[in-house]
Amino acid sequence: MMPHSPSVPVRTAARKPSSKDQLLWFVLLSCIALVGLGFLPLAFLGTPFLKPIHIFAAALLLLTPTMLPGSPEGTGIVRMVAFAFFTHLAVLLVSLAWSPLVATGALSLMISFSNCVIALAFCLMASRLSLTRLADLLAYGAFAGAVAFHLSLFVGHALSGQNAISVLIEAATSGDLRNFKALYFVGGMKGLGVEGVSSFFSSIAPKATNSFGSAFVTTAVAAVHVVAADRALTRYRSVKRDWAVWLALVNAVFVIMIAFSDRVQIYGALLIIAHLSYFGFMHGNWKLGAWLTFGGLWVSLSAIMYIAVSASAQGTFEEYAYRIMNNPRFTDLDRVLVRLGELGMLGGGMGIPLSFSDTSYLYPHNLFLFNYLSAGMIGLLASFIWFGVLCLLAVKAFALMINQQMPRAVRRLALGAFSGVVYVITLTQLVSQGDLDLADWLGLAIALSVLAKAQSIHDRMGTQSLSRPSPVR
């Protein structure tokens with residue numbers, strides 16, 4: 001009997017998962033559902049830094065030894081990430097030797113280490129799931145996360161005597177997207193009694209919402225592509241799962257509106273470019289490709305005309321360029337570079353702040369600058385190792401995505417993985433201080449799990465094609 005061709009999806013009878021597998025799936029689902037509630041610490045337990053997700057993260061770490069080993073592809077990715085990030089942490093740990101703030105630096109390193117271990121355990125365990133089970137996990141997890149997020153805010157508004165629906169309508173009719181954050185999000189947190197976090201988002205850092213992207217946007221995008229890959233490969237379709245994915249995607253768009261951050265908008269633009277490129281050129285849709293080419297030329301010419309008109313309105317191009325460059329981000333960068341030059345080749349030690357009296361942030365918002373501040377040249381070297389591994393993972397996903405010889409399921413999985421890794425590179429490493437919180441780490445873990453599944457399907461189909469007997473001539 002001839003084996004099935006790998007290009008023809010076949011839906012086989014699914015093996016009923018064991019009780020241990022069901023428990024693992026529930027714990028992974030709970031981690032995805034609760035990661036968006038990072039703004040809600042369990043202060044009533046006397047632990048203001050403990051968050052709901054930490055409970056299930058601890059359960060995941062307890063389950064991990066009993067569930068080993070993970071898939072070969074997932075294990076390989078976990079080893080690569082662990083080597084790069086733990087090397088990065090080891091260098092920062094050495095810098096504690098000359099740091100004046102040892103306790104602060106050590107606490108930061110401990111938090112980073114624990115978040116990384118939780119994320120790697122998540123990736124290792126999620127890579128063991130079948131494609132259908134992984135699609136169910138991400139779809140229902142993203143939907144449950146959206147429900148938990150809005151339910152907590154609804155409760156907060158109810159405790160403060162307000163109707164959350166009325167608040168949403170007021171924010172929507174105000175004509176200012178920032179009111180979604182000021183009225184709906186911050187108002188709900190105040191009702192829950194989380195004054196410290198609400199004041200942080202409303203006054204100190206009104207754009208500091210990167211974790212929303214990891215908790216909601218990355219998860220929803222990954223769910224869309226994993227569900228599409230499962231449908232293409234196994235021909236399995238669930239109406240409930242499709243609804244869960246679409247509602248999670250709507251919530252992700254709403255979260256971007258709440259964030260109202262230039263960094264999140266940059267990521268949204270990258271997502272749009274990646275998806276339009278995939279469906280317009282790599283997916284073989286020549287009509288969409290032609291429209292994208294026309295739109296790209298039109299936008300480019302419009303941008304050139306806008307710059308020319310703006311420059312002429314300013315009198316000289318130099319004056320226009322000065323207005324663009326005279327931005328707080330650029331001026332602060334100059335001051336940061338001066339500060340780094342004062343610290344010398346070994347930096348100031350892990351935990352040392354910038355000590356700028358007129359700024360609201362303590363550390364440089366860039367991985368390389370932050371590591372140089374802490375550990376000097378050796379910190380910069382560690383940054384290149386860690387950042388290089390992230391770029392390598394993005395390149396792997398991109399290579400699978402653009403390979404026309406790959407099955408459609410593999411390319412859809414690669415597109416979802418590429419989106420998640422690019423988020424970590426752009427929003428947490430280049431325009432943030434390079435430190436990933438638990439939400440960012442789990443967003444990366446989800447992307448790596450999807451990449452591991454894409455590599456697994458690719459390797460399995462390659463093995464099947466090699467084992468297929470050649471036709472008799």
Side-chain angles (χ1 to χ4, degrees), residues 4-18 21-22 24-26 28-29 31-33 70-74 77 122-146 217-250 252 274-275 278-279 282-283 396-397 400-401 403 405-421 443 445-464:
H4 291 290
S5 169
S7 60
V8 180
V10 177
R11 178 68 176 169
T12 58
R15 178 180 63 87
K16 185 177 181 180
S18 65
D21 290 337
Q22 291 278 34
L24 173 66
W25 190 87
F26 173 75
L28 294 174
L29 178 73
C31 288
I32 297 175
S71 70
E73 295 78 14
I77 290 176
F122 184 100
C123 177
L124 199 63
M125 297 300 96
S127 67
R128 301 177 73 252
L129 301 175
S130 66
L131 180 59
T132 301
R133 294 283 286 170
L134 181 61
D136 291 344
L137 172 69
L138 295 180
Y140 295 125
F143 174 73
V217 180
T218 300
T219 306
V221 171
V224 167
H225 293 297
V226 175
V227 167
D230 182 47
R231 189 184 305 165
L233 190 67
T234 66
R235 303 291 173 88
Y236 173 70
R237 184 164 188 167
S238 168
V239 176
K240 292 190 298 182
R241 191 175 70 177
D242 291 344
W243 270 104
V245 169
W246 283 111
L247 291 176
L249 198 60
V250 170
H275 285 70
Y278 174 84
F279 290 107
M282 305 166 194
H283 205 60
K396 282 187 174 183
L400 290 175
M401 183 180 76
N403 190 344
Q405 303 301 319
M406 291 291 103
R408 180 176 299 181
V410 173
R411 286 186 285 151
R412 289 300 295 268
L413 289 170
L415 178 57
F418 177 77
S419 302
V421 177
I446 290 172
L448 298 181
S449 304
V450 175
L451 177 58
K453 184 58 62 178
Q455 290 181 332
S456 175
I457 296 174
H458 167 249
D459 295 343
R460 185 173 72 247
M461 288 185 169
T463 303
Q464 291 177 357

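Numbering starts at 1 and runs along the sequence shown.
With rounding to the nearest 0.5 angstrom, the OG1 atom of T219 is 9.5 Å from the CG atom of L137. Atoms CG and CG, from L400 and L415 in turn, are 11.5 Å apart once rounded to the nearest 0.5 Å. In this structure, the separation between CG on L413 and CD on Q455 is 11.0 Å, given to the nearest 0.5 Å. The structure places OH of Y236 at 5.5 Å from CG of D136, a figure rounded to the nearest 0.5 Å. The distance from atom CZ of R411 to atom CD of Q405, rounded to the nearest 0.5 Å, is 9.5 Å.
Residues A139 and V245 share a closest heavy-atom pair of CB-CG2, 3.5 Å. The nearest pair of heavy atoms linking T218 to G443 is CG2-O, 3.7 Å. Closest approach of S238 to Y140, counting heavy atoms only: OG-OH, 3.9 Å. Taking every heavy atom of both residues into account, A452 and E73 meet most closely at O-CB, 3.6 Å. Residues A454 and A414 share a closest heavy-atom pair of CB-N, 4.3 Å. Heavy atoms only, all atoms of each residue included: C123 and L448 are closest at SG-CB, 3.7 Å.
Take S456 and apply the side chain to side chain donor-acceptor pair (under 3.5 Å) test, not counting sequence neighbours, and it matches no residue. Listed by chain and number, the residues in a side-chain contact (heavy atoms from CB on, under 4.5 Å) with A252 are V217, A220 (sequence neighbours excluded). Among residues two or more places apart in sequence or in another chain, the side chain to side chain donor-acceptor pair (under 3.5 Å) test is passed with D242 by R231, R237. For A135, the side-chain contact (heavy atoms from CB on, under 4.5 Å) criterion is met by V226, V227, D230, R241, not counting sequence neighbours. A search for side-chain contact (heavy atoms from CB on, under 4.5 Å) contacts involving F122 returns L28, C31, I32, L60, A126, L442, A445, I446, S449, not counting sequence neighbours. Residues meeting the side-chain contact (heavy atoms from CB on, under 4.5 Å) test with A397, sequence neighbours left out: A417, F418, L451.
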Quick one: do K453 and V450 satisfy side-chain contact (heavy atoms from CB on, under 4.5 Å)? Show the steps, please. CA-CA 5 Å; K453 184 58 62 178; V450 175; 5.7 Å; no
Begin from the C-alpha positions of L24 and R128 and carry the test side-chain contact (heavy atoms from CB on, under 4.5 Å) through to its verdict. CA-CA 10 Å; L24 173 66; R128 301 177 73 252; 4.1 Å; yes
Verify side-chain contact (heavy atoms from CB on, under 4.5 Å) between W243 and V239, making sure each step is shown before the conclusion. CA-CA 6 Å; W243 270 104; V239 176; 3.7 Å; yes
